[in-house]
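One structure is given here, and the rest of the page talks about it.
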There are 4 protein chains.
Amino acid sequence: MSIYGESHGNGLGVLIDGCPAGISISEQDFEYDTSRRRGGGFGTTPRQEPDRVEIISGVYKGKSSGAPILLSFANLNVRSDDYKKLANIPRPSHADFVAKEKFSGFNDPRGGGQFSGRMTLAIVACGVIAKKILSGVNFSAKVLEVGANTNIEEAIEEAVAEKDSVGGIVECRIKGHGIGIGEPFFDSLESCISHLVFSIPGVKAIEFGAGFAFSMMKGSKANDLIISMDGKTKTNNSGGINGGISNGNEIVFRVTVKAPSSIAQSQQTMNMETGKMVELEIGGRHDLCITLRFPVILEAAAAIALADLQLINKVNKKIND
Amino acid sequence: MSIYGESHGNGLGVLIDGCPAGISISEQDFEYDTSRRRGGGFGTTPRQEPDRVEIISGVYKGKSSGAPILLSFANLNVRSDDYKKLANIPRPSHADFVAKEKFSGFNDPRGGGQFSGRMTLAIVACGVIAKKILSGVNFSAKVLEVGANTNIEEAIEEAVAEKDSVGGIVECRIKGHGIGIGEPFFDSLESCISHLVFSIPGVKAIEFGAGFAFSMMKGSKANDLIISMDGKTKTNNSGGINGGISNGNEIVFRVTVKAPSSIAQSQQTMNMETGKMVELEIGGRHDLCITLRFPVILEAAAAIALADLQLINKVNKKIND
Amino acid sequence: MSIYGESHGNGLGVLIDGCPAGISISEQDFEYDTSRRRGGGFGTTPRQEPDRVEIISGVYKGKSSGAPILLSFANLNVRSDDYKKLANIPRPSHADFVAKEKFSGFNDPRGGGQFSGRMTLAIVACGVIAKKILSGVNFSAKVLEVGANTNIEEAIEEAVAEKDSVGGIVECRIKGHGIGIGEPFFDSLESCISHLVFSIPGVKAIEFGAGFAFSMMKGSKANDLIISMDGKTKTNNSGGINGGISNGNEIVFRVTVKAPSSIAQSQQTMNMETGKMVELEIGGRHDLCITLRFPVILEAAAAIALADLQLINKVNKKIND
Amino acid sequence: MSIYGESHGNGLGVLIDGCPAGISISEQDFEYDTSRRRGGGFGTTPRQEPDRVEIISGVYKGKSSGAPILLSFANLNVRSDDYKKLANIPRPSHADFVAKEKFSGFNDPRGGGQFSGRMTLAIVACGVIAKKILSGVNFSAKVLEVGANTNIEEAIEEAVAEKDSVGGIVECRIKGHGIGIGEPFFDSLESCISHLVFSIPGVKAIEFGAGFAFSMMKGSKANDLIISMDGKTKTNNSGGINGGISNGNEIVFRVTVKAPSSIAQSQQTMNMETGKMVELEIGGRHDLCITLRFPVILEAAAAIALADLQLINKVNKKIND
């Protein structure tokens, strides 16, 4: 998977190499997941994009042909004027400052350029293909809490009232994937999932199974007793993974998403031309709780990691099968 | 970096390709970090290994020659009888079960084979080279708490008394690394650090900066105000990383390590030959708090990730410099 | 570099990741090289495509932004009916048979699908970027002979008269690239150039410097004497490469291109449905001497290999510089 | 596969990751191929090394365990004094000059360091594993001619008499590998074989099937007619590969090996300290026809490329099988 594009450029998409031939793929297949990701609801950006995929290559007569698949999305609803003044006035905790430094000022600053949350659309599209490769595997993610409140609507209303943004926690659960997925030493299942998940703008923490609570647990409580020949365990503190490899139980991980850095309140920041602190009022259209869009994005990231590792695992077992 | 070896085989080590020529490297350079990792203290395994590195290749007249560097460690203090009975009786929450399934029973079960915590010695050795590549960068990690207790000694004593093991939290801080390290879209600094960190046996959660606390924070509190031309921020909730790229402030991350799964108490598990639950008494020599060895391992993992990304970043900036 | 597309699909293109920021790139920059590759002349296919590049991402205000660059070409002049009957009647020495077997019949057979010589357009486009990265390096390729005849026009006329196709030899020379490019052990300069060159449909042999003639040479004749402090040699049998690394002299390699397998004469082949030999008359529009298009394609392949290796070489030298 | 080591250092070897579990591997298995490669015969170096492999990791109870396999060879018969004077007096057409430039003088110059032909021992050892993975595939390579003479012994005698070295041609043939191996677009079977083959010191040309003779052939003569349902062809000009993918017929390639650059005659070269031309008498022990050792090395290189691509091909076909 390689992604391309910018928030306010011509468009964005993903190039997928190595998809097995013979999988049914149509443009309709992408609608469900891309619509789950789309903004517009309460707490998400008012920018509306149809997010209709175009399959440019790699699919012939409705099936993957074995050639690289290019999935493309247009940017239609672009208002780049909103960003012009930000070129020298970096938003606090946003990628504006590092992007300018890293690329010596040649980066595209409009809408965050390649750092935009809009790029997750490409990940969701790739996830649709990954889920098809993993037929029989079930992915299910949901928002657990927002702003430490499990009443999500209430938490959003509070943030709106305060002209603020807010963070939250999303959990992803996976079933039906089998035993043995994950490669020692450096491609553990946790390694590969977290690698992808930390590419998503806004993620600052991840935990598997009991996660951070393990710090408080003794081994006698933390250990999951095996109670069947196929590895089913009595508890699932391990979140379905031992030694970096799936043990056949449900995979469980949770991700903390920070509050979007673009807020409606006025903030102070440094003007990089003058070296003086200035008052910043951010225009543009922004999510105030990007957490709400995360369930389908996490499912996609997990599916991509799992599809890659499952294909590799099958290679490893060749001799014995 | 590629690692090889097993806990109770001939030895283990690491092959490092791409180390620039001209760096001073001697066998003495490894002593400080490998001794920080070594067991033997209160709360760690009684197995004693000298852990003396041998530089097999890639160093000529005390400097890296540009050729691949092979660092090798012998296994001297091996008692494999301890593990014989475990072949069909997987320890709860250990890699025994998944290793056997994944490799169709051909895996080396002695001391956990390639899944042993002993493999982290290779990571620490590679970290020594990475720290040399990153001259001027400072790494500093420490145990924050064990078993939810910040009095670490007390927590260990309690676990010893209960014939149990215990988990904990380790924090790593990095200074002096500059701005611009990390590659969008899929090799964010958090992605690359977490990828390596989750390869270390026992890690179940990682957070950067404010981490899990971000779920409770509003944007107005979470945002770090830029207060100097070189990107210094007033607060450092971001842990030195925005948009997956270092912003020049201190990098901060914390890792949760679970209690070792091998405990002195008797446990129940499944006998995979008979399909019956059995009582398991684990012999062998084990850590009861592997957390205590983690500071130097986390420093090594972070240094390896940072060295790779720093070299890539220099390539990217070539045209402008 | 990842390429996508098919001969008779929506289009084709290339996704380039890792291009340094700040390089001037406009759509006009591609015209010279893409027009050198285009068919239509004597001896090449009558299929006419404008081959106008579209820069979809990665360029902002006329300069590379550091984000992935997607270059796209449309397929306009498509006549897929020409290929329908070939689905079960593989053309001799073409990829038809292997593509169907490899992808279990799901491959796109129209115009050879992803195996079409049209895909070299993506390589040429990527080569334009690579040449820009390698500013100061000069690439120059030409056809040496066609059908063992150095009078190229005469050789083509002969093939036309015989309703046949014909092969040839193309030579590429590179100057101005410096010393030290190429990575032992497995990424020698010859390895990386030949890897790319053998991806181009029709290539069956490659030689560097004196090449095949080395088999007849004694060491005393083959050796190139160094005659200056900067490594200039008296002869250049080595073709500018020793030990897989550029020695600063001109890089020289020659490639043999086979005659296109689609010929106007009638041929016999196997009908894969009936298992009977049949007479095959190939329709469609084909080159009769693809060799004529190769100079710019070889330049592009060499530039891509060189740009990658030059960036890696700079990383290696960091410590000493 | 990653290799390490130097000609006159502690030793050399290869680290193999991704070998499926359950393959029988013993140290005896390496003897046949390593002895085919070993020098000592007429025309090869008088340096004698036992070349006994040590399996350091990845094999348990005589079978691959799924963990990385480290194969190690000691250097016993080392006489580094022979090379001391060469530090500033590069041998013509040898890697001495480029190695010093590339690694800023930090390279190990003894016996050519990592550029030595001795490193091919690691490739041969890896080839033994690859051949085991490819059970049922038959590799057979032989020297076709030396110094344009098919009477090899006579050619060697002539070179000895002239205190010279001499080049030659080696051919490799492969059977029993099946259809579909090779990945478009950039990992064609020719690409992957040539990539590895050009890593071997001394190779300057490669051709597949009719190879360079294709330049003289018309399509009507060059095309291989398919005469059976499983793809058997009447002729095999394609050398068993169409579109970069194996077509099931015998794979055939030929390699030109140049005369070793270290010759017994006196030669002129540049003294890099004084900038003056000097007379060079090369000591040390050298092959005068390295071609003689090449058959087993080419088989190994081809087996490694084929094993990698065959595993990838199986992944691609998963959905349909």
Side-chain angles (χ1 to χ4, degrees), chain B residues 1-25 54-75 80 87 95 98-110 112-116 119 122, chain D residues 1-25 54-75 80 87 98-116 119 122:
Chain B
M1 163 178 58
S2 316
I3 70 173
Y4 69 88
E6 294 92 7
S7 181
H8 291 217
N10 295 317
L12 59 97
V14 60
L15 180 51
I16 302 165
D17 203 354
C19 176
I23 298 178
S24 298
I25 299 173
E54 257 193 292
I55 301 173
I56 305 295
S57 69
V59 176
Y60 178 63
K61 294 188 173 172
K63 305 241 164 140
S64 58
S65 69
I69 299 171
L70 184 72
L71 304 175
S72 162
F73 295 90
N75 286 334
S80 295
V98 293
K100 188 174 178 182
E101 288 286 318
K102 184 176 182 67
F103 298 116
S104 310
F106 294 112
N107 63 300
D108 178 351
R110 300 169 300 160
Q114 65 167 323
F115 294 92
S116 168
M119 299 304 291
Chain D
M1 161 179 57
S2 317
I3 71 173
Y4 70 89
E6 294 92 7
S7 181
H8 291 216
N10 295 317
L12 60 96
V14 60
L15 180 50
I16 303 164
D17 203 354
C19 177
I23 298 178
S24 298
I25 300 174
E54 256 193 292
I55 301 173
I56 305 295
S57 69
V59 175
Y60 179 62
K61 294 189 173 171
K63 305 242 163 138
S64 59
S65 69
I69 298 171
L70 184 73
L71 304 175
S72 162
F73 294 89
N75 286 337
S80 295
V98 293
K100 188 174 180 185
E101 288 287 317
K102 184 176 181 68
F103 298 115
S104 309
F106 295 111
N107 62 299
D108 178 352
R110 299 169 300 162
Q114 65 167 323
F115 293 91
S116 168
M119 299 305 291

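We name chains A, B, ... by the order of the sequence lines, and we start the count at 1 in each one.
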Solution key, residues 54-63 of chain B side-chain donor-acceptor pairs under 3.5 Å, sequence neighbours excluded:
from: B:S57; atom 1: OG; to: B:P68; atom 2: O; distance (Å): 2.9
from: B:S57; atom 1: OG; to: B:L70; atom 2: N; distance (Å): 3.2

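- Separation of atoms OG (B:S72) and CG (D:N10) is listed at 10.0 Å; rounding is to 0.5 Å.
- Residue B:I3 touches chain D through its backbone alone, counting heavy-atom pairs closer than 4.5 Å.
- Contact record, B:A67 with D:E6: CB-OE2, 3.9 Å, taken as the closest heavy-atom pair.
- Summarising the geometry of B:D108 relative to D:S65, their closest heavy-atom pair is N-CB, 4.0 Å, with the distance given to 0.1 Å.
- For the atom pair OH (B:Y4) and CG (D:D17), the distance works out to 13.5 Å, reported to the nearest 0.5 Å.
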